[in-house]
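We use all heavy atoms of the structure for the numbers below, so side chains are in, but hydrogens, waters and symmetry mates are not. Small disclaimer: the values here were computed from a predicted structure and weren't measured.
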Amino acid sequence: MLNSLHISNYALIDNIDIRFHAGLNIITGETGGGKSIILGALSLLLGERADLRSIGNSERKSVIEAEFDIKDNVGLRNYCRENDIEADDDVMIMRREISPTGRSRSFINDTPVRLEDMKEVGLRLVDIHSQHQNQLLSSPDFQLRIIDSLADNGKSLNEFSELYSSYKTALHKLKATKSAIAKDRENADFMQFQLQRLDELDLQPGEADTLEAEREQIAEAADARERFDEVLIALSAGETNALSLLSDATGALENILVHLPVEAEVKERLDNMMTELADIADTIEEAASAFPADLSSDLEAIERRLRRIEDVKDRQGVASADELIQVRTRLQSRLQRLEDSESILKELEQEARKAKKLAVEQAARITAARKRAAEEFAAVLRETAMPLGMKNLVCEIAVEPSDMSATGADNIEFRFAFNKNQVPVAVGSVASGGEISRMMLSIKSIIAHRMSLPTIIFDEVDTGVSGDVADRMGRMMRDIGENIQVITITHLPQVAAKGEHHFKVFKHDTDTSTVTHIKELSRAERTDELALMLSGDSTNPASRAAAEELLASSIR
């Protein structure tokens, strides 16, 4: 429901704020007063392209903003959720800004959105209907939703949707498997060759990581052994080593001991040093024995294995060694599938046939319900619309077979004839603007309580009618307003009197320009307005009496 509408700096409108109500809202005013301007501004919120010429003051931007009550609009909430549009509250605020340079910006709940999003959201909030604009009546989707709603097909369609989805899934699986098997059959020899190489490699899970860790350990061990050998060469194993040099020094010392102080104990100290160095050498040699003297053969074996794994990786185009195991498993599975292809495809075909059979059976039940509802609806629609000045009306709702889709296996088409001896044809190709408007009014009066329709705006759809037909149209709009919000722009007092709320659009001159305003009328002001619409003179006693009678007769 449209709660409020704000328009600033748009065409002749400087600044207006309108608060609408549930039920039937009437808008009247003289021709040229600005009613179409208000609708034009609202259309911008529904995704229409902006015209720079519509900006009133070229020095500031034009802003149109509307607040909608969406707490019961399940379809809109679902659309917003699927398209990442914020709609968590019970109200939605849509805003359109047009700068003097022509740049247009769109917002939903203060979040910038694309114009396409505004249009899709707008379709779920407002339906503007005029003699020259028909958004829904000729839409196959709308026609289908009408029949399904009248046929109470909601539960049946949910069941069909699941069955159809299962059928499409089974069919897709069958086609994909057929295609994969055909492709594998062409590549069977190469796949077998690849599998043979992988079998020969016989790679185990985590083997490459283990080999790399072992290579690191061997490299560290070889380095440690090399360092141990360097120490032993220096201490005891080299041609010239510390122990041999100390031994030579001790031998030479024998000849000069008499020249050294006794208390220096040089020989004893050299002997101790030799003993300590020999012990150190023994300790190091024992430690070195834990590291094999030659690790090159082990290291070479690991390097060969890793090079082979890397080569197969490159040939298979994978990033890690363990992926080769997955490739091997897939090749085994695909080759096994080739062997079993006949039985596999047979089973999948049976599943697809079974799923299709169940979907077709459910679609047939839906078709039967649609045909019953279509026949009943055609009769009710004719009975409802004929009193609106269409005495020769013929209604035919065709339910014809079509390829199965997500909505069933039917094409729905509304066909009408408005004149004698005329064959009913699709509504868009035969009806005049006024006839389409009255048909739409009749349809919505029938379905308003059954379908989740948006706010509907009737823009002078009563043009060209008068008297009893006008009164009937007004009553019909009021009836629709019991279930959804209706905003009607009219020049007919019979229609205007039926509204629960009445707004008047008017212009007045300022010192520099002419501006459009709108106000909600009180009961007394409504009498004035209806009298003016009846005779052109709001003070005429007869007109005022007739206006009072119209208002009184419209109160339930």
Side-chain angles (χ1 to χ4, degrees), residues 18-39 129-131 383-391 433-435 437-442 444-445 448 456-508 516-556:
I18 317 168
R19 179 152 292 276
F20 292 102
H21 309 273
L24 177 57
N25 298 261
I26 296 295
I27 298 178
T28 60
E30 294 182 3
T31 299
K35 300 184 296 297
S36 61
I37 295 175
I38 294 174
L39 280 188
H129 196 81
S130 68
Q131 287 198 67
E383 183 180 339
T384 303
M386 279 183 66
L388 302 183
M390 293 182 285
K391 64 180 181 179
E435 289 166 335
S437 297
R438 280 174 275 167
M439 290 302 299
M440 194 61 159
L441 179 60
S442 301
K444 291 190 175 181
S445 72
I456 183 169
I457 298 177
F458 290 112
D459 180 17
E460 299 185 7
V461 297
D462 47 18
T463 298
V465 301
S466 59
D468 183 56
V469 172
D471 185 72
R472 290 175 184 272
M473 292 182 72
R475 291 182 184 278
M476 197 174 287
M477 293 178 196
R478 186 177 63 187
D479 290 343
I480 297 173
E482 291 184 355
N483 298 286
I484 61 173
Q485 183 186 50
V486 178
I487 300 172
T488 296
I489 297 173
T490 183
H491 286 290
L492 298 180
Q494 297 96 321
V495 174
K498 302 297 188 296
E500 287 100 333
H501 303 275
H502 190 155
F503 299 84
K504 181 173 182 177
V505 177
F506 58 95
K507 292 190 298 187
H508 81 273
T516 291
H517 287 283
I518 186 170
K519 67 173 292 188
E520 185 171 0
L521 303 180
S522 65
R523 171 60 188 263
E525 290 170 329
R526 291 190 71 180
T527 300
D528 292 342
E529 177 69 4
L530 290 177
L532 185 65
M533 295 172 72
L534 284 165
S535 67
D537 182 0
S538 62
T539 63
N540 183 290
S543 298
R544 294 186 64 82
E548 285 289 350
E549 184 178 348
L550 275 176
L551 284 173
S553 66
S554 297
I555 297 175
R556 297 194 176 192

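Here the straight-line distance linking atom CE of Met439 with atom OG1 of Thr384 works out to 9.0 Å at 0.5 Å rounding. Once rounded to the nearest 0.5 Å, the distance linking OG of Ser538 with CZ of Arg544 reads 6.5 Å. Between the NZ atom of Lys498 and the OG atom of Ser553 there is a distance of 5.5 Å, given to the nearest 0.5 Å. Taken to the nearest 0.5 Å, the CD atom of Glu529 stands 5.5 Å off from the CG atom of Leu532. Taken from CD1 in Ile18 to CZ in Phe503, the straight-line distance is 7.0 Å, to the nearest 0.5 Å. Here Gln494 contributes atom CD and Leu530 contributes atom CG; the two are 9.5 Å apart, rounded to the nearest 0.5 Å.
Taking 4.5 Å as the limit, some side-chain heavy atom of Lys519 sits within range of a side-chain heavy atom of Phe506. Between Val505 and Thr28 there is no side-chain heavy-atom pair separated by less than 4.5 Å. Counting heavy atoms from C-beta on, the side chains of Leu551 and Arg523 come closer than 4.5 Å. No side-chain heavy atom of Ile489 sits less than 4.5 Å from a side-chain heavy atom of Phe458.
Residues Ser535 and Ser543 bring a donor and an acceptor atom of their side chains to less than 3.5 Å of each other.
Using modelled atom types, no side-chain atom of Gln485 and backbone atom of Gly23 make a donor-acceptor pair closer than 3.5 Å. Using modelled atom types, no side-chain atom of Lys504 and backbone atom of Arg526 make a donor-acceptor pair closer than 3.5 Å.
Closest of all the heavy-atom pairs between Val469 and Gly389 is CG2-N, 3.8 Å.
Residues Arg472 and Asp468 are paired through a salt bridge, judged by an N-O separation under 4.0 Å between the basic side chain and the carboxylate.
The local environment of CD in Glu525 is crowded, with over 12 non-hydrogen atoms from other residues, nucleotides or ligands closer than 6.0 Å.
Test Ile27, Ile26, Ile38 against Ile487 for side chain to side chain contact (heavy atoms under 4.5 Å, CB included) and you get one pass: Ile27. A side chain to side chain contact (heavy atoms under 4.5 Å, CB included) with Leu441 is found for one member of Thr488, Ile480, Ile456 and no other, namely Ile480.
The ring-ring contact (aromatic ring centres under 6.0 Å, His included) pairs that include a residue from residues 461-502 are His21-His501, where partners are two or more places apart or lie in different chains.
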